[in-house]
Amino acid sequence: MKRINHKVLKFSGWTQIYVGCLFLVFAALMWNPVQAGMENPDTGETCQGINCDGFNDTAGSGTGSTSGSNSGSTSGSTFGSSGTTIDLKVIDCNATQERDINAVAWNISDDWVNFENVVETETGTNLGNCAKNRFSKNGKVKCMSSDKNGLMGWSSPFNKKIKIYPKFLTKIAGLPQADRRACYAALMAHEFAHSCDLGEDGAEAREDAAFKYWKNRFAATKDTLSMQSDCGLD
């Protein structure tokens, strides 16, 4: 009996050590969620470096299409004659905001080769599949009801959803459509960059490049349209 008790105690001790090690590993991952090489168990996404050139996002998204004011809406729609379909989910935005956001996502997705070329040329970094998929099939954009710390938008690594705050929405509301959408393109490129684990400098560079791309492709109503003064972005 003593020998059996000894074995049980020894086994329990090793079990406690094993559980303790698992706890430490879990805590470390939670403390540093942007660690290179970390896999997101929810989506299967893996980041291979600070610029995430190898960040291959293959997770799917919802199907179908729903619409309605101030409700979640998945585009799941084909626009124009190219046959391009996007599956971006827009949440809690009014009808105009939703149309603008979907239009930006669709036009960038439909013209991805040129958008990618402009952004990569301007920033010197590889956009990768993660950014492409955020615009085309698994991104989520939520219009927030209240401001937070003066932010225009917000997102975090390994999170497909970005938030847009009233400060930005109010700032651009009075702009003509083409100008509003240039602002949306810049902000969405910035926040989707963060959601793909890109740091602030990289996100700022993509923001600038996306604004330039949209402004040049869809003629702004004025040559002096400014990302800073008109959109309120850095």
Side-chain angles (χ1 to χ4, degrees), residues 45 47 51-61 74-90 97-141 152-153 155 160-162 164 168 172 175-221 223 225-228 230-231 233-234:
E45 298 168 342
C47 179
N51 288 326
C52 297
D53 292 344
F55 200 2
N56 187 16
D57 182 351
T58 58
S61 58
T74 304
S75 62
S77 301
T78 302
F79 302 91
S81 59
S82 70
T84 295
T85 298
I86 64 169
D87 226 354
L88 183 83
K89 188 171 184 180
V90 183
Q97 293 162 353
E98 184 177 335
R99 281 195 301 270
D100 285 345
I101 291 167
N102 275 322
V104 167
W106 186 87
N107 279 286
I108 286 176
S109 298
D110 185 60
D111 193 44
W112 184 258
V113 172
N114 290 322
F115 177 76
E116 183 178 49
N117 181 60
V118 169
V119 174
E120 291 184 352
T121 299
E122 291 288 322
T123 65
T125 60
N126 187 346
L127 271 178
N129 287 336
C130 179
K132 180 179 181 180
N133 289 342
R134 290 293 189 266
F135 279 103
S136 64
K137 70 177 184 178
N138 64 25
K140 301 177 183 179
V141 181
M152 294 292 192
S155 62
K160 294 183 176 70
K161 182 170 71 178
I162 68 175
I164 301 180
F168 174 81
I172 68 168
L175 296 176
Q177 177 179 285
D179 300 353
R180 283 197 317 271
R181 292 179 178 180
C183 296
Y184 275 114
L187 182 63
M188 289 168 66
H190 181 120
E191 299 305 338
F192 280 147
H194 283 318
S195 83
C196 291
D197 197 24
L198 198 65
E200 187 63 24
D201 288 344
E204 292 282 359
R206 287 191 186 179
E207 175 185 289
D208 294 343
F211 183 78
K212 179 177 181 179
Y213 161 86
W214 195 275
K215 183 179 175 181
N216 289 341
R217 182 183 176 196
F218 301 99
T221 60
D223 294 334
L225 183 69
S226 167
M227 194 173 68
Q228 290 75 25
D230 293 303
C231 305
L233 301 173
D234 295 334

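Because the structure is a prediction, the values reported are computed rather than measured. Heavy atoms only: backbone and side chains are in, while hydrogens, waters and symmetry mates are out.
Qualifying salt bridge (Lys or Arg N to Asp or Glu O under 4.0 Å) partners for D208, counting only residues two or more places apart in sequence or in other chains: none. For E120, there are no side-chain hydrogen bond (donor to acceptor under 3.5 Å, both in side chains) partners two or more places apart in sequence or in a different chain. Qualifying salt bridge (Lys or Arg N to Asp or Glu O under 4.0 Å) partners for K212, counting only residues two or more places apart in sequence or in other chains: E122. Taking the side-chain contact (heavy atoms from CB on, under 4.5 Å) definition, one finds that A189 meets it with F135, A210, sequence neighbours left out. Considering only residues two or more places apart in sequence or on other chains, T123 meets the side-chain hydrogen bond (donor to acceptor under 3.5 Å, both in side chains) condition with T125. In this view, D111 and N114, Y213 satisfy the side-chain hydrogen bond (donor to acceptor under 3.5 Å, both in side chains) rule, not counting sequence neighbours. When the side-chain hydrogen bond (donor to acceptor under 3.5 Å, both in side chains) test is applied to S226, the partners found at least two apart in sequence or on another chain are Q228, S229. Legend: residues meeting ring-ring contact (aromatic ring centres under 6.0 Å, His included) with Y184, ordered by chain and number and at least two apart, are F168.
Under the 4.5 Å side-chain criterion, counting only non-hydrogen atoms from C-beta, M152 is not in contact with D234. Here the side chains of H190 and R206 are not in contact, with every heavy-atom distance at 4.5 Å or above. When side chains are defined from C-beta on, N133 does not count as touching F192, because their heavy atoms never get closer than 4.5 Å.
Aromatic ring pairs are classed by plane angle as parallel below 30°, tilted from 30° to 60° and perpendicular above 60°; the pair F115 and W112 is tilted.
Formation of a donor-acceptor pair under 3.5 Å by the W214 side chain with backbone atoms of C183 is not found in this model.
Atoms CG and CD, on L233 and E204 in that order, are 8.5 Å from each other to the nearest 0.5 Å. Here I108 contributes atom CD1 and L88 contributes atom CG; the two are 10.5 Å apart, rounded to the nearest 0.5 Å. Interatomic distance, K89 NZ to N102 CG, rounded to the nearest 0.5 Å: 13.0 Å. Here the straight-line distance linking atom NZ of K132 with atom CD of E116 works out to 7.5 Å at 0.5 Å rounding. Rounding to the nearest 0.5 Å places CD1 of I162 at 7.5 Å from OG of S195.
The minimum heavy-atom distance linking N107 with R217 is given by the pair O-NH1, 3.1 Å. What you find for D230 and L175 is that their closest heavy atoms are O-CD1, 3.7 Å. Scanning all heavy atoms of the two residues, the minimum distance from N138 to K160 falls at O-CD, 3.1 Å. Scanning all heavy atoms of the two residues, the minimum distance from A209 to V118 falls at O-CG1, 4.1 Å. Between S155 and K161, the shortest heavy-atom contact is CB-O, 4.1 Å.
Judged as a salt bridge (Lys or Arg N to Asp or Glu O under 4.0 Å), the pairs with a partner in residues 178-195 (not counting sequence neighbours) are, in order, D100-R180, D100-R181.
Applying the 6.0 Å contact sphere to NZ of K215 captures more than 12 heavy atoms from other residues, nucleotides or ligands.
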